Asks: 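To start, I am sharing the structure in question, which I have written as C-alpha cells.
This one's a predicted model, so the numbers in the text were calculated from it and none came from an experiment. Just so you know, ligand 1 is whichever comes first in the structure, and atom 1 is the first atom listed for that ligand. The analysis underlying the following values was restricted to heavy atoms, covering all of them including side chains, and did not include hydrogens, waters or symmetry mates.
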Amino acid sequence: MPDTLTLTDNRTGLTYEVAIEDGAVRANALRQIKVDEADFGLMSYDPAFLNTASVRSAVTFIDGDVGILRYRGYPIEQLATESTYLETAFLLLFGELPTKDELARFEHEITFHTFVHENVKTLMTGFRYDAHPMGMFVSVVAALGTLYPEAAKVDDPDVRLAQVIRLIAKVPTIAAWSYRHNKGLPFVYPDNDLGFAENFLSMMFKMAEPKYEPDPALVRALEVLFILHADHEQNCSANAMRAIGSSKVDPYSALAGAAAALYGPLHGGANEAVLRMLAQIGDVKNVPEFVERVKSGEGRLMGFGHRVYKNYDPRAKIIKETADSVFEVTGRNPLLDIALELEKIALEDEYFVSRKLYPNVDFYSGLIYQALGLPTAMFPVLFAIPRTAGWLAQWLEGIVDPEQKIARPRQIYIGADERSYVPIEQRSAGVRDLVAAS
Ligand code: CMC
C-alpha cells in the first residue's frame, strides 16, 4: 500500500494523491486543489494548532496517552533521578549528554556569566515596589539584548552560543533580583562557589551571613523541579520563541516574548491557582463537597487535566515524591492533606476517570515552592528559569532548519467586502452603538 492519501474534490470531481510522511500530510499539498485557475487553492484551517505540526523536532518527545516524556530520548524519570539541571540543559541544547570535561566546561561557562551589567540594577530599581516579578523578568530579559548588540548576528553559530550561555546564566540573577526588589531588599550578587540552584537560593534569601548555605535536600528538590520544567515540546511559549525567532531577531527579544506567553494563567500560572483552590477548600472534610461542585460545572479542579496528557502527567509523579523530601526539612505543608484527598477522590470518580483527568505538573509544584518560602507571584518566574534552556534548544533547532521560514500563518478573511469611504456627517450609528446592539 502506498503511503499516500487520495482526496476527491466534490466541487470538481477531480482526484488528488497526497504523500503521507511521518504520519502527516503537508498542508501545502492542498494548494493544488482548485476549482479553477484563478482559485488560490485549498487551505487547512486549524485554530490553536490542534492538529498541525509546525516543526520537525528532535528535542522532546511526549506520548500523552501513556504519560511518556523524554528529552532527546532520555526518560524524564531517569533525568530527574540521575542528572542535574545544567547537564539536562546541555542535553537539550546539544542533543547528547556531555562528557565529564564538556560538563565541567559548560558549568564553568554558566557560572562565570551569572553577573549582569550594573545598568540592570538601575533598570530594576525603576520598577514600582509592587511590580509583578514576571513583568520585571520579561522586560529585563528584553533589555538585556541592548547590552549585546552582536546578538543580532543570529546566523553566526559562535554568536548564538555566547548568547545561549549568557541567557541561561543570567536568568536566575534577574529572577532573584525581581523578588528582592519586591521585598525592598538589597540585590545579592551571584556567588561563583555555588551550584546553579544553590546560587539562585543565595541570591533570593541571603541576608547578613557571609555565605548562604541552603539545605542540600532543598537544593536537590529545586534541581529536580528545574529538570522537570526544562522543556515540553511545542507548547504556547516554545511556539512563541520559534515564531518570534523566525524573524531572525536576537534571542533576548524572542525569549522575552516566550516568557510573556508563559506569564498567562492558562500556561505558567496554574500552580498559583492550585494553591488558591486548596486554601479555599480549607479542610479535608470539605473535599467531597468541593468535588461535587466541580462535577456540577462550578469551576474546575485546578492542577488536573492536560491538553496532551490523557494519563498521569509523568512530571506530577516525580514532583509528588520530591514534595516528601522537602517537607521532611521544612515541615509538612498543611495544604498537602487536602491535595492528597482531592487526588484520591478524583482518581476514583467516574467524572474524572471517563474524561481522563489526572494530576498535572502544577498540582503539587506550588506546595513545594510555598514550603521553600517562595511567594506565589514568583511561581511563573521559577518556571521561566529552567524553561530558558528549552526555549533556547527549540530556537537553536529552528534557526538552522532549512525548511523553516518566517512564521506567517494564512487567514480566512471574514470581514467586509470592498466598500466606499463614507463622509463623517453621513454615518448613522457609531461603532460602539453597533457593537452594543450586536
Ligand atoms: N476539572 C474539571 N473538569 C475538567 C477539568 C478540570 N480540571 N479539565 C477538563 N475538564 C472537563 C471539561 O469540563 C470537559 O468536560 P465535558 O466534556 O463534559 O465538557 C472535558 O474535561 C474536556 O476538557 P477540555 O477543556 O476540552 O480539555 P482541554 O484539553 O481543552 O483543557 C486544560 C486542558 C489543562 C486547559 C484543562 O484540563 C484545565 O482547565 N485544567 C485546569 C487548569 C490546569 O491545571 N492547567 C495546567 C495545565 S499543565 C501546565 C501547562 O500547560 O503550562
Asks: Among protein heavy atoms, which sits nearest to atom 47 (C) of ligand 1, and what does the distance come to when rounded to 0.1 Å?
Replies: N360 ND2, 3.7 Å
Asks: Taking atom CD of E213 as the centre, does the number of heavy atoms from other residues, nucleotides or ligands within less than 6.0 Å exceed 12?
Replies: no
Asks: Would you sort out whether K295 and E292 count as a salt bridge (charged side-chain N to carboxylate O under 4.0 Å, His left out), showing the intermediate values?
Replies: CA-CA 5 Å; K295 284 163 63 180; E292 284 312 309; 3.3 Å; yes
Asks: Counting heavy atoms only, which of H229, R307, R300, H232 comes nearest to atom 35 (C) of ligand 1?
Replies: R300
Asks: Under 4.0 Å from a heavy atom of G305: which atoms of ligand 1 are those, numbered in the order shown and with their elements?
Replies: 34 (C), 37 (O)
Asks: Only heavy atoms count here, so choose which of Y351, F352, Y309 is nearest to atom 3 (N) of ligand 1.
Replies: Y351
Asks: Give the intermediate values and the outcome of side-chain hydrogen bond (donor to acceptor under 3.5 Å, both in side chains) for residues D250 and Q163.
Replies: CA-CA 9 Å; D250 69 87; Q163 314 321 310; over 6 Å; no
Asks: Identify, for atom 52 (O) of ligand 1, the protein heavy atom at the shortest distance, and state residue, atom and that distance.
Replies: H267 O, 2.5 Å
Asks: Do the charged groups of R293 and E289 touch, with an N to O distance under 4.0 Å?
Replies: yes
Asks: Hey, can you tell me if H229 and F383 have their rings parallel, tilted or perpendicular (30° and 60° cut-offs)?
Replies: perpendicular
Asks: Counting non-hydrogen protein atoms only, what is the nearest one to atom 8 (N) of ligand 1? Give residue, atom name and distance.
Replies: L357 CD2, 3.5 Å
Asks: Around atom 1 (N) of ligand 1, find the nearest protein heavy atom and jot down its residue, atom name and distance.
Replies: L301 N, 3.0 Å
Asks: To the nearest 0.1 Å, how far is atom 2 (C) of ligand 1 from its closest protein heavy atom, and which atom is that?
Replies: V294 CG1, 3.6 Å
Asks: To check your reading of the model: name the closest protein heavy atom to atom 42 (C) of ligand 1, its residue, and the distance in Å.
Replies: M302 CE, 3.4 Å
Asks: With rounding to the nearest 0.5 Å, note down the distance linking NE2 in H267 to CG in L262.
Replies: 5.0 Å
Asks: Could you tell me the residue and atom name of the protein heavy atom closest to atom 41 (C) of ligand 1, and the distance to it rounded to 0.1 Å?
Replies: F304 O, 3.4 Å
Asks: Counting heavy atoms only, which of K295, R355, H306 is nearest atom 14 (C) of ligand 1?
Replies: R355
Asks: Can you confirm whether some protein heavy atom lies under 4.0 Å from atom 19 (O) of ligand 1, or whether none does?
Replies: no
Asks: Taking 4.0 angstrom as the limit, do D337 and R332 come out as a salt bridge?
Replies: yes
Asks: As a check for students: among A270, G303, G64, identify the option with a heavy atom nearest to atom 44 (O) of ligand 1.
Replies: G303
Asks: Between E21 and R26, is the closest basic N to carboxylate O distance under 4.0 Å?
Replies: yes
Asks: Strictly inside 4.0 angstrom of atom 22 (C) of ligand 1, do you find any protein heavy atom?
Replies: no
Asks: Decide yes or no on salt bridge (charged side-chain N to carboxylate O under 4.0 Å, His left out) for R56 and E233, but give the supporting numbers first.
Replies: CA-CA 11 Å; R56 296 168 71 84; E233 52 116 308; over 6 Å; no
Asks: Could you tell me the residue and atom name of the protein heavy atom closest to atom 49 (C) of ligand 1, and the distance to it rounded to 0.1 Å?
Replies: D362 OD2, 3.1 Å
Asks: Is atom 39 (O) of ligand 1 in close reach of the protein, with a heavy atom under 4.0 Å away?
Replies: yes
Asks: Does atom 26 (O) of ligand 1 have a protein non-hydrogen atom under 4.0 Å from it?
Replies: no
Asks: Between V361 and ligand 1, is there a nitrogen or oxygen pair with a distance under 3.5 Å?
Replies: no
Asks: Go through L301 and F290 one step at a time and tell me if the side-chain contact (heavy atoms from CB on, under 4.5 Å) criterion holds.
Replies: CA-CA 9 Å; L301 182 47; F290 180 80; 4.0 Å; yes
Asks: Under a 4.0 Å threshold between the charged nitrogen and the carboxylate oxygen, would E343 count as salt-bridged to K317?
Replies: no
